[in-house]
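Take a look at the structure set out below.
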Amino acid sequence: MIEKDIDIAVIGAGPAGMAAAISAREKGVKDIILLERNPFLGGILIQCIHDGFGLHLFDQNLTGPEYAEELIQHLIKAKVPFLTEAMVIDINAQKEIRVVSRQGLLKLKAKAIVLAMGCRERTRGALEIPGTRPAGIFTAGVAQSLVNLQNLKIGKEVVILGSGDVGLIMARRLKIEGLKVLRVIEKLPYCSGLVRNRVQCLRDYDIPLHLSSTVIDIHGKDRLEALTAAQLNEKGEILYDTAEVIPCDTLLLSVGLIPENELSRKAEVRLDWRTLGAEVDDYVETNTPGIFSCGNVLHIHDVADYASQEGFLAGERAACRVRENQGKVLRFPVNASKEIKYVVPQLIREDCRETELKFRVTEPFENIRIIVKNGGETLFRKKFLKIMPSEMNMVKISSDKPLDKVYVELEKTEIA
Amino acid sequence: MNKIFDIIIIGAGVVGCSIARELSRFKLDLMVIEKEEDVASGISKGNSGVIHAGYHKEPGSLKATLNVAGHRYFQEWGEQLDFPVKFNGKLVVAKVKEEVEGLRKLMERGRKNGVKGLELIDAQQIKNFEPRVEGIAAMYSPFSGITSPYLMTIALAENACRNGVKFEFEQEVNAISRVNNLFRIQTAGNQEYYSRWLINSAGLNSAKVSRLICHNKHRIFPCRGQYYLTDKIDDLISMLIYPLPSKDGVTLGIHITPTVDGNILIGPSAEYIDSLEDTACTREVMDKLKREAEQFLPEIREAPFIRNYAGIRPKLFYPGSGVNDSDYIIEEDSEIHYMINLIGIESPGLTAAPAIADMVVNMVGEKEDLVLNDQFCPERKAPLIFAQQSEADQARLIQDDPAYGEVICRCETVTRKEVIEAFDNILGVRSLDGLKRRCRIMAGRCQGGFCTTRIVEILRDEYGLSPEQIFKSNFQSPLFYGRVKDD
Ligand SMILES: Cc1cc2nc3c(=O)[nH]c(=O)nc-3n(C[C@H](O)[C@H](O)[C@H](O)COP(=O)(O)OP(=O)(O)OC[C@H]3O[C@@H](n4cnc5c(N)ncnc54)[C@H](O)[C@@H]3O)c2cc1C
Ligand SMILES: Cc1cc2nc3c(=O)[nH]c(=O)nc-3n(C[C@H](O)[C@H](O)[C@H](O)COP(=O)(O)OP(=O)(O)OC[C@H]3O[C@@H](n4cnc5c(N)ncnc54)[C@H](O)[C@@H]3O)c2cc1C
């Protein structure tokens with residue numbers, strides 16, 4: 001067993017964690033370690049062989065692995081020490097970390113920790129779909145990895161439940177590989193993935209999208225044989241007379257991502273029930289001093305570039321924390337109207353005069369205005385023709401007063 | 001000529017495996033034939049895993065006697081065979097005054113059956129035991145407990161195998177005949193086996209299997225029980241929480257049961273169905289399970305659910321038939337000698353299994369002298385669980401074998417070494433479900449999201465399996481149809 005003191009440990013080497021490690025290093029902290037359980041750096045990017053990455057950060061249209069490669073080159077140039085095939089199995093509020101790898105058990109005591117563990121997929125069990133439990137049911141991300149990284153043919157006739165981005169991307173992928181993609185079924189009356197994915201993955205490949213529908217039964221004892229799908233009314237209730245049996249051997253689930261915060265809990269990090277990620281302030285610092293959170297483990301990002309940007313911020317702030325121990329600071333909560341699903345950060349520090357709010361709406365809205373106020377002062381006001389839950393909104397705010405009463409709301413505008 | 005076995009056992013559930021293990025104490029050539037790819041693939045995997053104390057059943061019945069007798073084995077078997085056994089106690093909870101009388105009756109029955117330690121407690125005492133449970137009174141049963149039904153069955157089978165019992169999987173018995181005082185047993189896989197004795201412990205199919213040769217009228221009425229399984233939850237309950245048994249006597253009611261791994265089960269429901277195989281879950285019942293559980297434990301509402309499953313009871317009567325319980329049939333057939341049928345082994349069959357095995361051994365012993373096998377080894381060691389070791393031991397394990405340093409399952413912290421040990425089980429079981437039962441891989445909250453791809457890699461690298469050779473359970477359940485692109 002090796003025991004070691006360290007300045008900063010970053011857990012997870014996806015686009016967020018790599019960015020955090022790079023920026024902490026560039027801020028002058030040398031004693032860093034980036035810990036990754038996979039045998040490679042890059043996180044989820046490595047299985048995303050489609051393009052669409054890097055438009056914001058690198059001004060280029062890259063594939064996932066290319067995007068990762070950019071960051072890896074940067075990481076190597078900055079001489080950031082990293083460890084792959086190293087799984088963090090435990091952390092605590094004292095910032096002690098237990099890492100398991102083939103080299104042995106490593107115990108670290110860090111001055112700061114950056115959480116960047118990404119997310120996991122919601123499963124069939126969490127959806128509580130009735131029926132049998134045969135082979136042939138995969139979450140879309142697992143399917144992506146099996147197909148793209150292991151070259152495995154996961155089925156012949158596929159139905160996809162859920163119109164999340166991963167599902168849409170897999171619909172196209174499987175169709176290109178010669179599988180029959182029968183349809184994508186979504187329980188909401190609108191697509192939950194990005195518009196560009198709906199167009200480029202479904203419409204361009206003639207894959208039907210059935211909205212306001214869901215899978216109500218699963219058939220087949222050994223391998224999946226069929227599904228029963230049905231439509232839903234406006235209240236989300238099943239319309240049983242619309243039930244339809246769809247023979248197929250494979251079901252992909254793309255029904256949501258859950259930030260992977262089991263470790264965070266062990267370090268007494270408070271979670272926000274809306275994001276299922278940590279509650280953070282404008283430094284992305286959690287309630288456990290010296291523990292920061294970024295990327296999908298903080299809240300789900302649809303664009304890797306933004307996960308990296310959050311990582312840069314986390315790394316920079318962790319570096320400051322290593323150098324100076326701060327006294328007690330007040331943090332003010334950020335509030336929002338009920339149309340706003342969540343806002344990150346949830347808290348703003350008393351000395352903060354400028355920050356960026358990230359938020360999502362609960363459902364699609366048309367002809368609305370987003371308004372951000374700080375008490376009586378309006379900090380932001382902008383009209384939108386349409387705003388979708390699938391898109392993360394980012395709003396920069398600043399004031400010369402403390403941001404102690406920040407409130408985000410939507411306002412209906414007259415139709416233009 | 002085929003080998004002639006002394007005894008062949010049909011069905012590798014907890015009953016068949018208990019019998020096999022107990023018979024392996026003697027000098028006998030034994031074989032177990034199972035239609036699925038692993039042991040505990042029938043009723044023995046889809047149940048509550050409760051070690052019943054024995055107050056439910058009619059005094060004097062086989063169910064009551066074998067339950068109480070079986071219960072006594074668990075401490076010892078758990079230690080000898082290294083499977084989890086926990087006597088965490090049970091509360092049978094009354095919600096209204098009228099039910100208290102029912103608790104008294106239950107206590108009385110328990111006393112007659114020889115169950116120790118039963119006690120009537122009030123609302124305050126309930127709160128002392130289980131602060132989150134709601135009720136006005138309860139019967140406390142200190143010696144009720146839990147086990148892992150499949151780990152128990154696996155342990156028994158491995159120990160039997162180690163002591164010389166042969167196991168044949170994916171062989172469904174579909175014909176039995178008498179040839180020169182021997183049983184000729186034929187399977188759907190076109191195999192033929194011969195034996196002097198035949199023990200039918202085919203669970204849901206036991207009536208069907210007996211009728212392959214016997215002239216009895218036994219019939220099984222399948223009655224399904226559905227469950228919800230939650231993620232691991234600390235501090236919600238530590239004991240088994242039961243309602244009063246249903247009045248019709250068909251079931252013990254929907255209860256809330258911690259599992260040996262720290263998850264919580266809600267169930268089982270009870271609905272008669274047409275098929276012996278239909279373990280599907282249904283919307284209405286799933287909703288009902290939650291509703292009923294909330295009555296006793298309101299906080300279960302917020303629990304994270306990770307899986308649903310169902311098991312099927314082999315009932316010997318059907319609803320509305322006027323009968324509300326029937327006893328086990330454990331007997332040598334009156335015409336076909338040397339054929340022992342075990343039919344209708346429903347709850348508390350898991351608890352009774354050790355005593356059922358004893359009974360069967362005695363039945364055999366009555367007709368021929370059994371010679372002790374001096375090679376018999378009663379012990380069996382379960383593979384080591386990395387996550388349960390101390391920090392120092394974990395460090396040492398990795399140093400001795402780096403495969404312990406590769407974590408394959410993030411939810412349960414299962415290492416590569418454990419996956420390999422599970423895959424190398426002496427029964428030769430190779431399915432993913434078999435792996436899951438043996439090392440908890442794919443069983444956690446992500447249900448295989450992280451580990452599936454890693455397991456596929458291990459099976460390819462260590463065992464040279466091609467994609468088509470990877471199955472969820474039996475040969476009809478492939479995970480893959482080859483490769484996307486040719487290599
Ligand atoms: C399937 C899919 C398709 C996507 N497609 C696009 C797209 O086309 N364009 C786009 O811009 N964005 C896309 N995204 C979004 C983007 O990729 C993600 O938002 C981004 O990868 C999140 O980065 P992250 O670093 O937070 O998480 P991840 O990339 O998931 O990285 C987390 C890392 O942490 C490691 N880790 C976790 N726990 C531990 C531990 N205990 N010990 C050690 N290591 C650990 C993991 O192994 C992983 O490498 C997609 C996302 C998914 C899931
Ligand atoms: C919902 C439910 C809850 C229960 N809860 C409890 C409990 O908490 N405590 C308790 O003590 N008991 C409980 N029980 C009862 C207990 O689970 C059973 O009594 C016990 O598992 C029966 O074991 P078995 O070996 O007889 O049957 P099985 O486990 O079904 O074994 C029979 C085996 O025979 C095989 N087979 C069938 N036909 C053939 C064939 N033709 N050829 C070859 N093989 C064949 C099957 O595949 C199967 O593996 C419960 C039962 C149910 C259904």
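Order of the sequence lines fixes the chain letters, A, B, ..., with proteins taken first and strands second; residue numbering starts at 1 for each chain.
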Go through [options] and name the one with the most non-hydrogen pairs under 4.5 angstrom from chain A.
{"options": "B:G482, B:P304, B:P467", "value": "B:G482"}
{"options": "B:F450, B:F475, B:F471, B:Y404", "value": "B:F450"}
{"options": "B:A395, B:A387, B:C281", "value": "B:C281"}
{"options": "B:V407, B:L397, B:D231, B:V484", "value": "B:V484"}

Taking side chain as everything from C-beta outward and backbone as N, CA, C, O, which of these in [X] sits under 4.5 Å from a heavy atom of chain A? Side chain, backbone, both or neither.
{"X": "B:Q399", "answer": "neither"}
{"X": "B:E284", "answer": "neither"}
{"X": "B:T282", "answer": "backbone"}
{"X": "B:I306", "answer": "backbone"}
{"X": "B:K417", "answer": "neither"}
{"X": "B:R396", "answer": "neither"}
{"X": "B:N474", "answer": "side chain"}
{"X": "B:E457", "answer": "both"}

Check this for me: does any side-chain nitrogen of one of [X] and [Y] sit under 4.0 Å from a carboxylate oxygen of the other?
{"X": "B:K288", "Y": "B:E271", "answer": "no"}
{"X": "B:E412", "Y": "B:K436", "answer": "no"}
{"X": "B:D433", "Y": "B:K472", "answer": "yes"}
{"X": "B:D38", "Y": "B:R437", "answer": "yes"}

Which one, [options], leads in non-hydrogen pairs under 4.5 Å with chain B?
{"options": "A:E260, A:R223, A:R98", "result": "A:R223"}
{"options": "A:T139, A:L106, A:L146, A:I2", "result": "A:L146"}
{"options": "A:E128, A:M87, A:K156", "result": "A:E128"}
{"options": "A:D249, A:I218, A:V147, A:D217", "result": "A:D249"}

*Any donor and acceptor pair, going by atom type alone, linking the side chain of A:E121 with main-chain N or O of A:A140 inside 3.5 Å?*
yes
*asked:* Strictly distance-based, threshold 3.5 Å: is any side-chain N or O of A:S264 a donor or acceptor partner for the main-chain N or O of A:V269?
replied: no
_For B:Y228 and B:F305, take the angle between the two ring planes, folded into 0 to 90°, and tell me which bin it lands in: parallel under 30, tilted 30 to 60, perpendicular over 60._
tilted
_Taking atom NZ as the centre, does B:K290 end up with more than 12 heavy-atom neighbours from other residues, nucleotides or ligands that are less than 6.0 angstrom away?_
yes
*Is the CG atom of B:D274 crowded by more than 12 outside heavy atoms at less than 6.0 Å?*
no
*Could you go step by step and tell me if B:E277 and B:S275 meet the side chain to side chain donor-acceptor pair (under 3.5 Å) rule?*
CA-CA 5 Å; B:E277 296 197 329; B:S275 148; 5.5 Å; no
*Do A:K107 and B:E391 pass the salt bridge (Lys or Arg N to Asp or Glu O under 4.0 Å) test, and can you show the C-alpha distance, the side-chain angles, and the key distance before you say yes or no?*
CA-CA 10 Å; A:K107 274 179 79 178; B:E391 205 169 82; 2.8 Å; yes
Contacting moiety of [X], where chain B heavy atoms sit under 4.5 Å:
{"X": "A:M1", "answer": "both"}
{"X": "A:R122", "answer": "neither"}
{"X": "A:E262", "answer": "side chain"}
{"X": "A:L152", "answer": "both"}

*Does the salt bridge (Lys or Arg N to Asp or Glu O under 4.0 Å) test come out yes or no for B:K485 and A:E177, once each step is laid out?*
CA-CA 8 Å; B:K485 295 190 171 64; A:E177 295 300 351; 2.6 Å; yes
